[in-house]
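Take a look at the following structure, please.
In each ligand, atom 1 is the first atom listed, and ligand 1 is the first ligand listed. The residues of the chain are indexed from 1 along the displayed sequence.
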Amino acid sequence: MRLAVIPGDGIGPEVVAEGLKVLREIAPDIESTPYDLGAMRWQRTGELLPDTVVEELRQHDAILLGAIGDPSVPPGILERGLLLRLRFELDHHVNLRPAKLYDGVTSPLADPGPIDMLCVREGTEGPYVGNGGVLRKDTPHEVATEVSLNTAFGVERVVRYAFERAVARPRKHLTLIHKTNVLTHAGGLWSRTVEEVAAEFPEVTVAYQHVDAASMFFITDPGRYDVIVTDNLFGDIVTDIAAAVTGGIGLAASGNLDASGTNPSMFEPVHGSAPDIAGQGIADPTATVLSVGLLLEHLGRTDQAKKVNAAVAFDLSTRSPQGPVRTAEVGDRLAALAGG
Ligand SMILES: NC(=O)c1ccc[n+]([C@@H]2O[C@H](COP(=O)([O-])OP(=O)(O)OC[C@H]3O[C@@H](n4cnc5c(N)ncnc54)[C@H](O)[C@@H]3O)[C@@H](O)[C@H]2O)c1
Ligand SMILES: CC(C)[C@H](C(=O)O)[C@@H](O)C(=O)O
Ligand SMILES: [Mg+2]
């Protein structure tokens, strides 16, 4: 098994080091190769993601990424030219983001109840594709467009994936989140697709919410969600809300999957490079460790994935009080728990 590792920027290298500590403990046979990509390489060489590197990455079984983004680089250069390019080139159409409230974790909600949801965010379409442009730039008449792209092919495959995940879960419930009352073109395609695929999954109950109402329910009644399917931008936003109500962005894991298995999938914490805390050794590496769990699960190493998740669950149940963490200490504890 060959793993490509992209530590990236800010807290990326700090949390990835801990993720690898855990991985080495339970899967020492996985050979990892680091890739120097991110702000520093761009500043040094002007390179974001050479084509030769994309081809090398394709030769791996999976990719682990820390975070991309740096305040010294204009917004979008690294995010679009590196992170999104990787997701698009490797056809990561499923952006899988579980959000679970673990025992012992404090939610900002007074009475959250059990929360255990799986967000299936579309990963290669929507307003992320760069479809648009600027006319009359820097004039009072500037016009900027960012057109959301939704294809029957792209929507169907991610909706089908979400149903497959829903039918395998105890509650068998799926919620489509969109804005069909306003975005009628894209919304129509998403609703019709969900309706059509639902016919093949009679055991799955289906709900729909507009994204504004859903954002409210994430706070007032998050327990209602089981599997969620949504577009790229709505999914980006609601998964940060889901992370917040389940103990914070430091615990939120994700997988960017090419569900067809053609290209390596990429696993990363939901959070970014957190420039405000980078270099202080206080970033929570738990999201990265849980992303390593998703990676192992994806590679079919279910027992190893279970060990990672059990280590995290135990550690969270004993962390008290919930407060600032020391990155390396959490990694040491999780590695010891997972390995023991
Ligand atoms: N997948 C990615 O690589 C990714 C994801 C999100 C944002 N970004 C990029 O990261 C940069 C910063 O973005 P942002 O500030 O909006 O989001 P962010 O997720 O980096 O930070 C938001 C807040 O959460 C805190 N935080 C994040 N991760 C944490 C952790 N592991 N432990 C404790 N606290 C944590 C930060 O300190 C900050 O206060 C931007 O350049 C953005 O584009 C990258
Ligand atoms: C950095 C950015 C491109 C990215 C996204 O919007 O997908 C991030 O916010 C995420 O959630 O992984
Ligand atoms: Mg995001």
Side-chain angles (χ1 to χ4, degrees), residues 5-19 37-40 42 48-49 63-88 92-99 105 108 119 121-130 146 148 230-244 246-257 266-292 294 312 316 319 322-331 334:
V5 179
I6 305 172
D9 303 319
I11 62 168
E14 302 173 40
V15 293
V16 159
E18 307 311 314
L37 297 168
M40 266 160 26
W42 185 75
L48 283 168
L49 180 60
I63 303 167
L64 178 67
L65 180 136
I68 298 297
D70 191 276
S72 70
V73 181
I77 301 238
L78 295 161
E79 290 84 352
R80 290 211 74 87
L82 178 45
L83 180 62
L84 294 182
R85 186 167 163 226
L86 278 172
R87 291 181 186 166
F88 291 167
H92 291 154
H93 51 280
V94 171
N95 191 325
L96 192 67
R97 298 189 158 188
V105 171
C119 185
R121 165 189 174 191
E122 202 288 321
T124 51
E125 298 195 342
Y128 275 65
V129 295
E146 208 81 58
S148 175
T230 191
D231 92 342
N232 209 341
L233 181 59
F234 297 144
D236 177 46
I237 298 165
V238 299
T239 54
D240 265 28
I241 307 178
T246 51
I249 198 88
L251 304 182
S254 83
N256 302 277
L257 314 182
M266 181 165 81
F267 299 83
E268 53 168 325
V270 169
H271 64 70
S273 54
D276 54 342
I277 59 165
Q280 298 176 37
I282 56 169
D284 194 336
T286 308
T288 306
V289 172
L290 284 169
S291 303
V292 165
L294 290 175
V312 169
L316 290 173
R319 266 191 215 177
Q322 296 269 321
V325 302
R326 301 297 313 175
T327 312
E329 284 172 16
V330 176
L334 292 175

Legend entry - Any non-hydrogen protein atom less than 4.0 Å away from atom 13 (O) of ligand 1: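 No, there is none.
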Legend entry - Within-4.5 Å side-chain heavy-atom neighbours: R85 and R80: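 Heavy-atom side-chain distance check fails, nothing below 4.5 Å.
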Inset, instruction - Scan for side-chain hydrogen bond (donor to acceptor under 3.5 Å, both in side chains) pairs involving residues 274-286, sequence neighbours excluded, and state none if there are none. - result: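 For residues 274-286: D284-T286, D284-R319, T286-R319.
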Legend entry - Under-4.0 Å heavy-atom contact with ligand 1, by part of L83 that carries it: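 It is the side chain that touches ligand 1; the backbone stays farther off.
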Legend entry - Candidate with minimal heavy-atom separation from atom 35 (C) of ligand 1, of D276, I249, V15, L86: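 The nearest heavy atom belongs to I249.
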Legend entry - Close approach, R87 and ligand 2, non-hydrogen under 4.0 angstrom: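 It does, in that a heavy atom of R87 comes within the 4.0 Å cut-off of ligand 2.
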Legend entry - Closest to atom 1 (N) of ligand 1 among E79, E268, Q280 (heavy-atom distance):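 Among E79, E268, Q280, the closest heavy atom to atom 1 (N) of ligand 1 comes from E268.
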Legend entry - R121 contact mode with ligand 2 (heavy-atom cut-off under 4.0 Å):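 The part of R121 near ligand 2 is the side chain, not the backbone.
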Legend entry - ligand 1 atoms in contact with A283 (distance to a heavy atom under 4.0 Å):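 Listed by number with element, the hits are 32 (N).
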Inset, instruction - Determine, step by step, whether T327 and E329 satisfy the side-chain hydrogen bond (donor to acceptor under 3.5 Å, both in side chains) criterion, reporting the C-alpha distance in whole Å, the side-chain angles of both residues, the deciding distance to 0.1 Å, and the verdict. - result: CA-CA 6 Å; T327 312; E329 284 172 16; over 6 Å; no
Legend entry - Option set E268, R97, E79, criterion heavy-atom distance to atom 10 (C) of ligand 2, minimum: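 It is R97 whose heavy atom sits nearest to atom 10 (C) of ligand 2.
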Inset, instruction - Decide whether the shortest distance between a heavy atom of V270 and an atom of ligand 1 is less than 4.0 Å. - result: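 True for this residue.
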Inset, instruction - Kindly give the atom name of the N, O or S atom of D236 closest to the Mg ion (ligand 3). - result: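 Atom name returned: OD1.
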Legend entry - Flag: protein heavy atom within less than 4.0 Å of atom 22 (C) of ligand 1: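 No, because not a single protein heavy atom sits under 4.0 Å from atom 22 (C) of ligand 1.
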Legend entry - Any protein heavy atom nearer than 4.0 Å to atom 10 (O) of ligand 1: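 Given the 4.0 Å limit, the answer for atom 10 (O) of ligand 1 is yes, a protein heavy atom qualifies.
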